[in-house]
Chemist: 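Before we start, here is the structure in question, set down as structure tokens.
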Amino acid sequence: MRYAFLTHALCSSVLLLSGVSAEEAAAAEASPAVVEKPAFSPTEVSGEFVEQFTADLGERWIPSKAKKDDPKSEEDWAYVGEWAVEEPTVFPGIEGDKGLVVKNPAAHHAISAKFPKKLDNKGKTLVVQYEVKLQKGLECGGAYMKLLQDNKKLHAEEFSNSSPYIVMFGPDKCGSTNKVHFIVRHKNPKTGEYEEKHLGGPPSAVVDDLTHVYTLIIKPDQTYEIKIDGNSSKSGSMLEDFIPAFNPDKEIDDPKDIKPETWVEEAKIADPDATKPDDWDEDAPFDIIDEDATKPDDWLDNEPQTIPDPEAEKPEDWDDEEDGDWIAPQVPNPKCAEVSGCGPWEKPTIKNPAFKGKWSAPYIDNPAYKGVWAPRKIKNPNYFEDKTPANLEPMGAIGFEIWTMQSDILFDNIYIGHSVEEAEKLKLATYDIKVKSEQAAKDALRPKKEDTPKLTAGSAFMEDPIGYARNKIDIFTTIFKNDPMAAVKAVPEVTAVGVMLFGILVSVLFAVVGINSAVAVDKAKQAKAKGKEAAITTKDKVAEAVTTGTEKVQSEVNKRTTRSTVTTEQ
């Protein structure tokens, strides 16, 4: 019962923090208008790999059952997430249009499909394009793809996070982290080792329940471009925009060069010839009484600064025998507000003109200063120059290897090839058509502005407010098991509600202790009256603190890497 109560309290509070009342949520459940949808027609677009999921998984797409290779975790588990080929259930845009769907929330999924032949883009443009539909949103999870390295060890049933890939591309979000990954796994020509090169400043993913198309174009002139829904979101040079850079520095610091012990880096020093002036009084106080001050003519010496509240009334539940005589709480004396002040008058203090503080010698330029020391530069023994990082290693398959807290992520209309024009044709025949139908269906669900108040939450909340709140709590507890800070940042609503409930609990405990303490009767009666006023003030401050705290927590950057066991790169 205790846990059920807490869950109910958390759910109710999350709904309040979402800014939507029960009446507003009910208003959003109105029956949607019928929206005409076009019928699906297979594309004639050609490419190295084109997938519209016109049939079940079959032999082309093979789910992985491999154990996850994670040296940082002591857990032993496998990719248990299920996949299905089905039509979308949220705002379907084209009749009969199916996609690859992630079926399980809070699970690790892996599936891959081999290319008809290995993909080699040396000297050619590489175009990667696919649609993503987040039917239940994306609180914490990935929706990116991997182009896997072509090798003899490429076994689909063993596909995992450790399977070598060449390109990783697509949306990823958890808490305040929201990006479209573009990562290249690059081989060092000197050592033969691979290193992940991440695009600096990647664009943000679009997180709603409509279909969105992501396009990556890598050109043989060593430039790239990322498009979202056909619009350019990021473009630049492969040689300049990646972290770490594809090519190391020509020169590095000499590790054998050590700073001499006599090297002086202090640019300023205290003047050794300076002496404290004879009239410098270090003991002079900071402020003194203003002897020239006079009491204002309107000062009321005999008026107290506070008086019993004339509007206060004795509470109905006040027991004179147990609580003693009731005394009204004190309020500021209104007479004092109309004059300079009340009560005994004292001369004010002013800053002491003789105050100088602790004496210290002034600073002068250091005659021995040599500047900031830095080791000498030497040629980098590991230097190499790859002038064509856009020439990727051959790729043999496509794979989705993701962890997500949300189910029903749908992938569709995948194009991998060398033609920007063919990819654009596929977008025009699929995305451009379905997004209009989806948007029309979504608009039909929205209550008219003149009939109902404005809704501020997403469609997932409007469809099931209690389920929405419970989902938030489930996400929080799942992430909290692995990384409490990540949970706080990913789901700040639950954190804020927890703080509020904790504050209320502490207030109740203090109240109980106060009632049972042995306090003099005359002090107890005043404390009870003041406590009731404080409770009202505390309630208002808690509400204000929760709102402010939620905004601050959500603005924090949730720093994650593609190898974190808590995040979606696993």
Side-chain angles (χ1 to χ4, degrees), residues 35-55 61 85-102 113 125-138 142-145 147 169-173 178-182 202-218 224-235 398 400 408-445 459:
V35 177
E36 292 292 335
K37 295 191 294 289
F40 172 76
S41 177
T43 183
E44 296 182 358
V45 167
S46 61
E48 301 299 307
F49 182 89
V50 179
E51 178 63 88
Q52 290 191 291
F53 300 100
T54 55
W61 289 89
V85 173
E86 60 188 27
E87 293 186 50
T89 57
V90 178
F91 306 127
I94 296 178
E95 192 72 39
D97 184 22
K98 297 180 179 180
L100 178 65
V101 180
V102 172
T125 295
L126 175 64
V127 183
V128 179
Q129 180 174 285
Y130 71 117
E131 295 175 0
V132 179
K133 185 176 177 66
L134 307 172
Q135 299 186 85
K136 293 185 178 179
L138 190 64
Y144 45 78
M145 67 157 60
L147 301 184
F169 172 65
D172 182 22
K173 182 182 183 300
N178 182 1
K179 67 178 75 172
V180 177
H181 284 296
F182 176 20
S204 297
V206 183
V207 183
D208 59 27
D209 47 18
L210 301 179
T211 296
H212 295 282
V213 60
Y214 293 86
T215 307
L216 169 64
I217 303 171
I218 302 177
Y224 69 90
E225 182 178 18
I226 294 176
K227 293 182 177 181
I228 301 178
D229 298 341
N231 301 312
S232 182
S233 296
K234 178 85 173 182
S235 61
I398 176 178
F400 293 97
D408 296 328
I409 298 175
L410 183 146
F411 305 107
D412 198 5
N413 295 313
I414 302 171
Y415 173 89
I416 300 173
H418 305 298
S419 174
V420 175
E421 293 74 18
E422 289 294 295
E424 179 65 18
K425 287 181 183 178
L426 181 60
K427 183 184 80 71
L428 290 172
T430 55
Y431 167 77
D432 285 14
I433 293 176
K434 72 171 62 176
V435 73
K436 294 178 182 178
S437 178
E438 290 179 358
Q439 189 64 61
K442 189 169 186 176
D443 291 342
L445 275 178
S459 61

Chemist: For E424, which residues count as a side-chain hydrogen bond (donor to acceptor under 3.5 Å, both in side chains) partner, sequence neighbours excluded?
Modeler: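 Once residues adjacent in sequence are excluded, E424 has no partner under the side-chain hydrogen bond (donor to acceptor under 3.5 Å, both in side chains) criterion.
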
Chemist: Name the orientation class of the two ring planes belonging to Y214 and F169 (parallel below 30°, tilted from 30 to 60°, perpendicular beyond 60°).
Modeler: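 Geometry flag for F169 against Y214: perpendicular rings.
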
Chemist: If every non-hydrogen atom of L138 is compared with every non-hydrogen atom of K173, which pair is closest and at what distance?
Modeler: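 Heavy atoms of L138 and K173 come nearest at O-CD, 3.3 Å.
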
Chemist: So, taking the atom named CZ in F182 and the one named CD1 in I226, what distance separates them when rounded to the nearest 0.5 Å?
Modeler: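 So the CZ of F182 and the CD1 of I226 are separated by 6.5 Å.
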
Chemist: Applying side-chain contact (heavy atoms from CB on, under 4.5 Å), run through T211 and V435 and close with a yes or a no.
Modeler: CA-CA 6 Å; T211 296; V435 73; 5.6 Å; no

Chemist: Should T43 and T430 count as side-chain neighbours, where that means a heavy-atom distance under 4.5 Å?
Modeler: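 No; the side chains remain at least 4.5 Å from each other.
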
Chemist: List the steps, then state whether side-chain contact (heavy atoms from CB on, under 4.5 Å) holds for V128 with F49.
Modeler: CA-CA 10 Å; V128 179; F49 182 89; over 6 Å; no

Chemist: What I'd like to find out is whether the side chain of E422 reaches to under 4.5 Å of the side chain of S46, using heavy atoms alone.
Modeler: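 Of all side-chain heavy-atom pairs linking S46 with E422, at least one is under 4.5 Å.
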
Chemist: Taking all non-hydrogen atoms of both residues into account, name the closest pair between Q52 and L426 and its distance.
Modeler: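 The answer is NE2-CD1, 4.0 Å.
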
Chemist: If you round to the nearest 0.5 Å, how far is OG of S419 from CD1 of I217?
Modeler: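 So the gap between those two atoms works out to 10.0 Å.
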
Chemist: For A423 and V127, work out which heavy atoms get closest and say how close.
Modeler: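 Smallest interatomic distance, heavy atoms only, reads CB-CG1, 3.7 Å.
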
Chemist: Of the options N413, D229, D412, which is the one that meets Y431 in a side chain to side chain donor-acceptor pair (under 3.5 Å)?
Modeler: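 Per the side chain to side chain donor-acceptor pair (under 3.5 Å) rule, the option paired with Y431 is D229, out of N413, D229, D412.
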
Chemist: Show the nearest heavy-atom pair for residues Y415 and G47, with the distance to one decimal.
Modeler: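 Heavy atoms only, the tightest pair is CE1-CA, 3.7 Å.
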
Chemist: What's the shortest heavy-atom distance between V132 and I409, and which atoms?
Modeler: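 That would be CG1-CG2, 4.3 Å.
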
Chemist: Give, for atom CG of D172 and atom NZ of K179, the distance between the pair rounded to the nearest 0.5 Å.
Modeler: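 Reported to 0.5 Å precision, the distance equals 7.0 Å.
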
Chemist: V180 and I228: side-chain contact (heavy atoms from CB on, under 4.5 Å), yes or no, with the steps?
Modeler: CA-CA 10 Å; V180 177; I228 301 178; 4.1 Å; yes

Chemist: Cut-off 3.5 Å, side chains only: do E225 and S235 have a donor facing an acceptor?
Modeler: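 Not at all, the side chains of E225 and S235 share no donor-acceptor pair under 3.5 Å.
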
Chemist: What donor-acceptor contacts under 3.5 angstrom involve side-chain atoms of residues 90-101, with partners at least two apart or in another chain?
Modeler:
| unit_1 | atom_1 | unit_2 | atom_2 | d |
| --- | --- | --- | --- | --- |
| D97 | OD2 | K434 | NZ | 2.6 |

Chemist: Test of understanding: with side-chain hydrogen bond (donor to acceptor under 3.5 Å, both in side chains), list the residues that count as partners of D443, not counting sequence neighbours.
Modeler: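 In terms of side-chain hydrogen bond (donor to acceptor under 3.5 Å, both in side chains), with neighbours along the sequence ignored, D443 is linked to Q439, R446.
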
Chemist: Side chains of M145 and F411: closer than 4.5 Å at any heavy-atom pair?
Modeler: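 In short, these two side chains do not touch, never coming nearer than 4.5 Å.
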
Chemist: Given D209 and K442, is the side-chain contact (heavy atoms from CB on, under 4.5 Å) satisfied, shown in steps?
Modeler: CA-CA 9 Å; D209 47 18; K442 189 169 186 176; 2.8 Å; yes

Chemist: Check for a donor-acceptor pair, side chain of H181 on one end and backbone N or O of G170 on the other, with a separation under 3.5 Å.
Modeler: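 A pair under 3.5 Å: no.
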
Chemist: Please find the pair of heavy atoms, one from E86 and one from L410, that lie closest to each other, and give the distance.
Modeler: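 For E86 versus L410, the nearest heavy atoms are O-CD1, 3.8 Å.
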
Chemist: Between atom NZ of K136 and atom OG1 of T89, what is the distance when rounded to the nearest 0.5 Å?
Modeler: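 Interatomic distance, K136 NZ to T89 OG1, rounded to 0.5 Å: 7.0 Å.
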
